[in-house]
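Structure, as structure tokens:
Residue numbering restarts at 1 for every chain, and letters A, B, ... go by the order of the sequence lines. Heavy atoms only: backbone and side chains are in, while hydrogens, waters and symmetry mates are out.
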2 protein chains.
Amino acid sequence: MTQTFRKQIVQRITRNFLDILILRLIQTEPMWGYKIIKKTERLFGLKIRHGALYPLLNSMEAKGYLRSQKKTERGRVRKVYKITSKGIELVDAYYDFLKEQLQRLDIKEA
Amino acid sequence: MTQTFRKQIVQRITRNFLDILILRLIQTEPMWGYKIIKKTERLFGLKIRHGALYPLLNSMEAKGYLRSQKKTERGRVRKVYKITSKGIELVDAYYDFLKEQLQRLDIKEA
DNA sequence: TACAATATGTCCTTTTCAAGACATATCGGC
DNA sequence: GCCGATATGTCTTGAAAAGGACATATTGTA
């Protein structure tokens, strides 16, 4: 049961915070879309549809969280993404909130 | 900007993990729907629509996370909810996941 | 030359979700 | 008696999201 709950939580987080997961990955190392798909599958068993990822990456760049550069290597044209300072701010806000959440809610009211 | 990001994260978490927020509240103290609405508004400035809350509470009870008891006090019929052991397990899975997330993703691969 | 893998993109259809309206009942104060 | 607060419930409508198909180009291998 505990394992089932874990899976449920992971699914819900990755569905709703996919953008932040991607930012966290790119923060550790600049990456392109296809690599993100392969990496999340290996690391987390998470299959991101490319039809969901590419529009998301584009919108994240438009919002200023990422910056891309086209790089060609052995005929493969890749859009390599780097995180921006704005992107780092968003990830930090996420981490800060998680820390806050871990402080249990047993605040007694007046 | 940092504050804007915070608000964005809070909104996204509370939209997607409202059930767990409710479980956490009820875990600290048994409660009924109307009180949850008033309490989250006072504590977090979070306005939960009753049209969203009551069906959620019912489905959470159906799933075994909560157990309710009708209590009448001065003519007010309240459905007081208590968290079940299954509900506690779900909350714990959430906390465990948060802790895991806080460990940054700088895992280098082989 | 055909096929799998790499690489990025759009689009449509279905399903899910959120907001607000509709609905009912009691109590206390004016 | 009426209104605001307490208390719980459903339902419809519209918007957002998820899934999968359609689309294209290159490289390496069988």
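Under a 4.0 Å N-O distance rule, the pair A:Asp19/B:Arg12 qualifies as a salt bridge.
Judged by closest nucleotide on DNA chain C, A:Arg78 is the one of A:Arg78 and A:Gly51 placed further toward the 5' end. Closest-nucleotide positions on DNA chain C for A:Arg15 and A:His50 were compared, and the one nearer the 5' end corresponds to A:His50.
Summarising the geometry of B:Glu29 relative to B:Lys35, their closest heavy-atom pair is OE2-NZ, 3.2 Å, with the distance given to 0.1 Å. Of all heavy-atom pairs spanning B:Ile26 and B:Tyr81, the tightest one is CG2-O, 3.3 Å.
The CG-P distance, from A:Leu53 to D:dA18, rounds to 13 Å in whole Å.
Residues from residues 54-76 of chain A with heavy atoms under 4.0 angstrom of DNA chain D, sorted by number: A:Arg74, A:Gly75, A:Arg76.
For the pair A:Leu21/A:Leu46, a side-chain contact is recorded, criterion being any heavy-atom separation below 4.5 Å from C-beta on. Taking 4.5 Å as the limit, some side-chain heavy atom of B:Ile9 sits within range of a side-chain heavy atom of A:Leu90.
Among the nucleotides D:dT6, D:dA18, D:dG9, the one closest to any side-chain atom of A:Arg49 is D:dA18.
Protein chain B contacts DNA chain C over a range whose 5' and 3' limits, counting nucleotides with an atom under 4.0 angstrom from a non-hydrogen atom, are C:dA18 to C:dC27.
Using a 4.0 Å heavy-atom criterion, one finds that A:Gly33 contacts the sugar-phosphate atoms exclusively.
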